[in-house]
Every structure is written in structure tokens, then in C-alpha cells.
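Structure, as C-alpha cells:
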Amino acid sequence: MSIFDSIRTALRAIAANRLRSGLTALGLVIGVASVIVLIAVGQGAQQGVQDRIRGLGSDLIFVKPAPPTDRTTGARGARDSGITLTAADADAIDSAKVPGVMGVAPQLSFNAQAIALSQNLGVTVIGTTPSYMDVRDAKVAEGDFIGADDVDRRALTLVLGSAVAETLFPDGDAIGQQVRLALGPQGFNFRVIGVMAARGGTGEQDNYVFVPVPSLSSRVQFLRNPRGDISVNQINIRSVPGANQDLIGTAITDILAQRHQVVSPDFTVQSQNDLVGAAAEVSRTLSILLGSIAGISLIVGGIGTMNIMLVSVTERTREIGIRRAVGARGMDVMRQFVTEAIVLSLVGGLIGIGIGVAVAVAIDGRDISGTAMQTAIQTWSIGLAFGVALLVGLVSGSYPAFRASRLDPILALRSE
Amino acid sequence: MIHLEGIEKVYRTDAGEVRALDGVSLDVRAGEFIAIMGASGSGKSTMMNIIGLLDDPTAGIYELDGADVSKLDDDTRSRLRGRLFGFVFQSYNLVPRMTAVEQVELPLLYQRRSNRRAMALEALERVGLADRASHHPNQLSGGQQQRVAIARSLVVHPNVILADEPTGALDTRTSEEVMGIFEELAREQQITVVVVTHEQNIADFTNRTVRMRDGVIISDEQRARATAPASTTPVVSEVAR
């Protein structure tokens, strides 16, 4: 029997029992679809995390205070609660002119209530310097960013994030307006000198308000450390594209260790590559987990296929006898059933791809219990799922087909 | 063309050995129309299966046109079976989901013939069922189904048609029709037709009747070829045993 005839015969047999064929293929449909969807979800999550990290800007190195440890009790403080970094540290790193460093910007952040004439909003206030623009790749939509003399004069000037500007001044024309920043019982009136361009992404950075780093620190006691220095939560450093961030990190560690006169560093240096790597590892684990679950459902689908093929062989014993009597070799019978299994899994695989891609596209960007789903359909996962489905069809069809080919023609003809 | 000599078939069961055939010798010439009679268990079906290469003998010689075929491998036997033999069964043995013409095409499928449809229609025409080509078995009467089965057996232009109780499920008139087709095939196309039956009136259509009991041939009578079964002149040749 030619391949073409085999396929035609298989299609006829499949069409002759539509419900059973459909149920057989269903296992593989679900298996293939879930492989595609789950891998798309896993990869989407990975991409989402990486996008978010890249959205911070590129080629960044962050220096943060290490959590303080009480010398007598050994109690470790919470992350980011240290006050060991100062604006002066940032200046020192900047003036050291470490090779490969493009810019240094201190960052002091705290929450405050921003109050305009008729609107108010809880915001994150970022105290920084003009270099923040270059380091964090920020852009101003209107007006100016903080200037060097704003920092020198400790001016009460401020730049609004785009979302803040929209809320506080729905009619626009924010420039030159007064905004009061309230920190607990204290409050200070600032003059708006600029509005940032929207950054998008999670929207977090559009909710920032920028002020010169010493403006509030010099006026508010708790923003200074016990020695009276301006403490910062973070020093942002941007490296030249392609620079070795590990070398820069080591150089910064040396500078700060010398300045702080400590044996074990009271700060941490983390490059963006570290963050991307760590996040990638987490989401890779997620992908493997999801992929394994999908793989199991493919195997279960395959076992379903084998089960129904076995039933089919038993049910069609007499037909096998007839075919043997009219000249079919054992191999012809074997090929007929293997072809049937392959055609079935081929059809199931194609439908599974269709459903999988449709579902992955449908849930992309949807809110599912408060989380924005992000999916990224992987071409390789389609190929993989399809290939595995075919393989499963081949394997699960082979044993029933082998049994069919070994049937005694005489007994097969006599079976009911 | 068929030469059986000392054929034995022994089945091993839990209860011991069963000798289905116990030394059968038989010669059948091309174009002979022959009936094999015997009670159930006499070994007639086993002999048919061995002749049709569906089964192989435990001992003895089976030659087809002078070539020993008793010890061929399964693939070769399948191929010879498809080309040399046509089978007709009591229960028709049609595939339920296939149309008449597809049933008839089935043997050609395994010979990779190209003009299958035309050959199948021609065979259906020969049994007078050209107008039922696209009917499924459940849309046909018993006699029509058996004629489809006959068309399927003769589409490969076989040397031998082996019919196992072909009229067992048919009424008298239809039975005579079927036997008439066989008679014609033997006479006009020199196809050897072997019919297993336990009805004397069916055996009377043939030119030769072989009777079996307990795995051996007990009688073998030839009649002069005639169109009417009544005018026969038996030539009894007792098997020396």
C-alpha cells in the first residue's frame, strides 16, 4: 500500500468514528495547547521582569546602604534601612573619575503628600542632582530639570513626574505654580520648574517628584544622619555602554571602603546585569516548572491515544483479518495503524497549536486576579509541542499497531 | 496446480494434541469446480486455510504449480495470497464503513495497482452489482453482500477462489445464483473454485466432491462436467487408507 493510500485509509477510519477520534485527539490538543500557553506565560513573565529592570535605564550600577547590624545584639536591620551612604559619597565617586563611569547621581527617596491649589496626591520624592537626567536617561517634557545652582542654593524648586502633574494640574500650565510637600507635621512650599516626560512601564517613575538633594535634607532633621551629613538611599552610577561593570563595582567598593573606614562594607554594589541575571534565573525556574506540567499533560494525552488505539485494534480485529485475507502483510496492517495514530496526533497537534496560540494571545495584557498577564509565544515551543505530539502519537500507536500486525488472520476472521 | 501430499496439522492445546488434519493428499487441476464436504471438526476449514496460505501445515508437502509453498515466510505468503487466491466467507466479511466498490478495491490496494476503480467496477459488473457500487453493506441484501464479496475475490484475477460455506446464510434462490456465478467462473475463466459446504444440493453444482471425516479424506468423487447438477455420473475413487 502506498503512503498516499495509507493516509487516505487512516483518514477514512478516523472519520468513520468521529466522536472517538475526537476524544483521542483531545488529549493531545490539550497537551499541545498547554505547552504553548504555559511556555508563553513563563517567557512572558521573564520578559516582563527583564523589561522592568531595563526600564530603569541601561548600564546602571546601584550602591545601597547595607542593613545596619547592632554590635552587641547582632540584630540585623531591614533592607534599605541603613543610613551609611551620604551625598558626599556620591561626590567622591564622581570626582574619582573611575574609568568607564559616565555619571553619578545620588538619590534620596521618601514619601510625602504633594498639595497643589485644589488637588493633592501621595508621591515619592526623589532628592537628587542634575546628573540624574543622564544617569537615569530621564527627559523633561516642559520647563527644566533641577540645575546645579538649585543644588548649591538648596532651592525649593521641584520637577513633577508626568502622572503627578496630570493629577495636580489637570488643566496643564504647572510651570511656576506652587506645590506644598508635606512630611508629617512639616511642610514646605516648592515652585514647579519642570514636568517630566512620561516613562510608562509600571508607571512608578511617573509618580515621582524631583527636588535638589540638599533642599529638604538641610531643613528636615530625619533626612540627615547623626553626624549631620545628607544621607541618601541609593547612589546611581551609569557606566559607558560595554564597560566592565564588575571592574567599576570593585573600584567603587574600594573608594567607599576607604571613606567609611570599615572592614566589612556597610554598603552593597549591585549592577543591573546582576539583577537581570537573578530575575532571569527565577523566571527560568518558573518556565521549567510550567513546561514540565505541560509536558506531563502531553504524556497523559499520549497514553489516552494508546488506550483508544488498543480499543480500536480490538474492535477492528475482523477488519484486520479481512485485510490479511486479501493480501495485506503484517507490515501493511502495522503501517495502517501507525499512520492512523500519526494522522490523529497531527490533527490534534495542529488544533492544539491553534488553541494554544489563540489562548496565549487572548490572555496577553489581561488582568487575571490583579496581575497583568504578559505572554510571549515562543516559536520553538510550538515546534517542540508539535514534535512531541507526533512522537507521542508514533510511540503510542506503535504498540497497538504491532499487536494488530501479529494477529492470526484465521482467528481475526472468526472474531465477532 | 494444487498438490497436497501427506498434509498434517496438529494444534497443541492445554488438553493435549488435536490432529485437525491427519495425512491429507489431494490434487486439484486448474479450472476445477470442487466441493469439500464434512461435518464440523472434520478438518475441511483447516484444509481450506492451508490451501489459501492463511495457515501452514505441521507436516507434509504443499506445492502450487510445482513450487513448494508450505514453508514460506509470512510476507511472501501474504503476497501470494493476495494475487493467487480469492476468499468468500459465509458471513461475507465486508468492512462496514466501506462502499461496495471500495470493498472490491481493497485487494488491489495491497498490490499498488493504479487503475483500481475501473477494475473494481468491472468486477462488480460481472456479478451484476454495477448499480450498487456506492452502497454500504447495511444497504444491501445478504445475496448482494455475498456478490460483493465474490467481486472482491475475483478482482485480482485469482487462480483459485476459496469459498467457505458461501451459501450458509442465503436462501435457496440466492444460493443458486451464487453457485451459478462460481460455475461460470470455473467454466469460462478456468478459475479453480473450491467450495466448502455441508449441503448436498450445493455440492451437486460442482464436478467433484471430496468428503472428509476426522482429518482425513474418506471419498473423492468426480462427475462429468455438466451444466445441470442432476445429470451427473459419479466416479468414486476411494482413498486408500
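Letters A, B, ... mirror the listed sequences (proteins, then strands); counts begin at 1. No experiment lies behind these values; they were computed from the predicted model shown.
For residues 82-106 of chain B, the interface with chain A (any heavy-atom pair closer than 4.5 Å) comprises B:G82, B:F87, B:F89, B:S91, B:N93, B:L94, B:V95, B:R97, B:M98, B:E102, B:L106, sorted by residue number. Interface with chain B: from residues 337-356 of chain A, no residue qualifies, criterion being any non-hydrogen pair under 4.5 Å. By a heavy-atom distance cut of under 4.5 Å, B:R152 are the residues of residues 137-165 of chain B near chain A, going up by number.
Counting heavy atoms of neighbouring residues, nucleotides and ligands inside a 6.0 Å radius, atom CZ of A:R20 exceeds 12 of them. In A:E281, the CD atom is not crowded: 12 or fewer heavy atoms of neighbouring residues, nucleotides or ligands sit closer than 6.0 Å. In A:I3, the CD1 atom is not crowded: 12 or fewer heavy atoms of neighbouring residues, nucleotides or ligands sit closer than 6.0 Å. More than 12 heavy-atom neighbours from other residues, nucleotides or ligands sit within 6.0 angstrom of CZ on A:R318.
In this structure, B:R116 contributes its side chain and B:R113 its backbone to a donor-acceptor pair below 3.5 Å. Counting only distance, with no hydrogens or angles, the side chain of B:T167 and the backbone of B:S175 share no donor-acceptor pair below 3.5 Å. B:K44 contributes no side-chain N or O that, together with a main-chain N or O of B:V196, makes up a donor-acceptor pair within less than 3.5 Å. In terms of modelled atom types and a separation under 3.5 Å, the side chain of A:Q378 and the main chain of A:A376 share a donor-acceptor contact.
For the side chain to side chain contact (heavy atoms under 4.5 Å, CB included) test with B:R126, the passing option among B:L121, B:L185, B:I181 is B:L185; the others fail.
Counting all heavy atoms, side chain and backbone alike, A:P409 lies closest to B:L54 at CB-CD2, 3.6 Å.
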Item to complete: Run the numbers on B:I50 and B:V24 for side-chain contact (heavy atoms from CB on, under 4.5 Å), then give the verdict.
Response: CA-CA 11 Å; B:I50 287 174; B:V24 169; over 6 Å; no
Practice prompt. Begin from the C-alpha positions of A:Q336 and A:I320 and carry the test side-chain contact (heavy atoms from CB on, under 4.5 Å) through to its verdict.
Written response: CA-CA 10 Å; A:Q336 181 189 339; A:I320 293 164; over 6 Å; no
Worksheet item: Yes or no on salt bridge (charged side-chain N to carboxylate O under 4.0 Å, His left out) for A:R323 and A:D332, after CA distance, side-chain angles and deciding distance?
Response: CA-CA 9 Å; A:R323 288 176 185 275; A:D332 291 319; over 6 Å; no
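Of the two parts of A:R324, the backbone and the side chain both hold a non-hydrogen atom closer than 4.5 Å to a non-hydrogen atom of chain B. Both the backbone and the side chain of A:R12 come within contact range of chain B, each with at least one heavy atom under 4.5 Å from a heavy atom of that chain.
Contacts with chain B were tallied for A:A13, A:A16, A:A325; A:A325 has the most, counting heavy-atom pairs under 4.5 Å.
Applying the side chain to side chain donor-acceptor pair (under 3.5 Å) test to residues at least two apart or on different chains, the pairs with a partner in residues 399-410 of chain A are A:Y399-A:R403.
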